[in-house]
Amino acid sequence: MHTVLTRGNATVAYSLSVLACLTFCCFLSTVFLDSRTTAHVNTVKVLVKNVPDYGASREKHDLGFLTFDLETNLTSLFNWNVKQLFLYLTAEYKTPDSVLNQVVLWDKIILRGENSALDFKNMNTKYYFWDDGNGLKNNKNVSLYLSWNIIPNAGLLPTIRSLGSHIFKFPAEYSIASV
Amino acid sequence: MFNIQTHMDYEGQHKAEKFSRFIITLFGIVGLIWGAIIQQFSQTVYILGAGFLLASIITIPPWPIYRRHPLNWQKPRNIELPASSGDEGKKKKK
């Protein structure tokens, strides 16, 4: 502490140590919070087509089309250690070939401060609902649920599944008409 | 020329370190509480930054208050001009 440089060095180093300590306190204050909440998903229009999947094998695969309603209030999830939420809507189903199939159909980023009480009606999906075979036609048990990934200032990046899901079925006939 | 002192004495160095630790810790705690109240961690960081600036201004430059306990040096003995050469024996005695 005998020159300007050593005092400057000590002050900067101590400030950074305190900053790390405060960040850790911020992490500790939020790590045990429960970030689950309910999201109501509902399908409006559901149909399935059998079209060549040029992105994969050129064989005809099942392609699902659906529009959905989504109603949820995520305001309670935000606190001083949440910068943004990454929401995504997953369809989960079972086929004779594979036990667990998961397809992400839609996603959205909500920054802190933006409106987080969502009420969407008759939304189109953002991504194709391809099956890797013919597992969608007449599938009676497809569940649709919302999940979110919390992006914090400091700490964990938890992926949380909403409470409640919507179960729907695909029609037994392929749709011919263009959507 | 001007006789500008740029040192801190030992007591002053101790005081400077104590002050800077105290200021930064205090601003950190206040910032954490305020940030938790308004739920904005950025405010915590800004308040800590203000504490850092204040501590830098108060304790980094060698202000005169850090020079209040000068060391009591003994008076120099045998003041002789080095120009008075020819006395090799006397220099060895030193």
Side-chain angles (χ1 to χ4, degrees), chain A residues 1-35 37 73-86 109-117 148-158, chain B residues 2 4-71 73:
Chain A
M1 303 298 280
H2 59 290
T3 65
V4 166
L5 280 179
T6 52
R7 285 193 295 274
N9 182 24
T11 308
V12 171
Y14 186 65
S15 297
L16 290 177
S17 303
V18 171
L19 181 60
C21 193
L22 297 182
T23 311
F24 189 71
C25 290
C26 178
F27 156 70
L28 276 186
S29 73
T30 55
V31 69
F32 297 114
L33 296 180
D34 184 11
S35 310
T37 187
N73 190 350
L74 303 173
T75 314
S76 61
L77 266 58
F78 285 94
N79 55 53
W80 68 333
N81 199 15
V82 176
K83 291 201 288 193
Q84 66 180 37
L85 294 181
F86 176 73
I109 292 170
I110 302 183
L111 301 177
R112 192 175 180 211
E114 290 181 354
N115 177 29
S116 53
W148 45 85
N149 185 215
I150 295 176
I151 289 92
N153 287 313
L156 310 172
L157 289 119
Chain B
F2 309 108
I4 298 174
Q5 300 286 312
T6 58
H7 73 282
M8 283 190 185
D9 59 43
Y10 290 126
E11 292 284 324
Q13 290 175 30
H14 178 237
K15 218 191 271 180
E17 178 160 8
K18 211 169 59 176
F19 284 172
S20 91
R21 290 283 161 100
F22 178 76
I23 291 167
I24 292 169
T25 310
L26 182 76
F27 274 71
I29 292 170
V30 169
L32 187 76
I33 293 168
W34 177 243
I37 289 171
I38 65 165
Q39 289 288 299
Q40 284 286 351
F41 189 69
S42 56
Q43 294 299 312
T44 305
V45 177
Y46 290 140
I47 291 171
L48 181 68
F52 166 72
L53 288 179
L54 186 66
S56 301
I57 292 166
I58 290 180
T59 65
I60 290 181
W63 299 116
I65 59 156
Y66 302 119
R67 281 197 293 275
R68 285 184 182 162
H69 300 274
L71 293 177
W73 295 103

Could you name the residues of residues 24-34 of chain B that have a heavy atom within less than 4.5 Å of a heavy atom in chain A? B:Ile24, B:Thr25, B:Gly28, B:Leu32
Toward chain A, the part of B:Leu48 with a non-hydrogen atom under 4.5 Å: side chain
Any heavy-atom pair between the side chains of A:Arg7 and B:Met8 that's under 4.5 Å? yes
Go through the structure and list residues passing side chain to side chain contact (heavy atoms under 4.5 Å, CB included) with B:Tyr46, not counting sequence neighbours. B:Ser42, B:Gln43
Filtered by a 4.5 Å non-hydrogen cutoff, the part of residues 22-30 of chain A contacting chain B is A:Leu22, A:Thr23, A:Cys25, A:Cys26
A:Met1 versus B:Lys15: any side-chain heavy-atom pair under 4.5 Å? no
Heavy-atom pairs under 4.5 Å with chain A - which of B:Pro61, B:Pro62, B:Ser56, B:Ala55 has more of them than the others? B:Pro62
Return the CG to NE2 distance between B:Asp9 and A:His2, rounded to the nearest 0.5 Å. 14.0 Å
What do you reckon, is NE2 of B:His14 surrounded by more than 12 foreign heavy atoms closer than 6.0 Å? no
All side chain to side chain contact (heavy atoms under 4.5 Å, CB included) counterparts of B:Thr59, not counting sequence neighbours: A:Thr11, B:Ala16, B:Phe19, B:Ser20, B:Tyr66
For B:Phe52 and A:Val12: C-alpha separation, side-chain torsions, deciding distance, then whether side-chain contact (heavy atoms from CB on, under 4.5 Å) applies. CA-CA 8 Å; B:Phe52 166 72; A:Val12 171; 3.6 Å; yes
What part of A:Asn153 lies closer than 4.5 angstrom to a heavy atom of chain B: side chain, backbone, both or neither? side chain
For the pair B:Gln39 (side chain) and A:Trp80 (backbone), establish whether a donor and an acceptor sit closer than 3.5 Å, ignoring hydrogens and angles. yes
Greatest number of heavy atom pairs closer than 4.5 Å to chain A - which of B:Gly49, B:Gly12, B:Ala36: B:Ala36
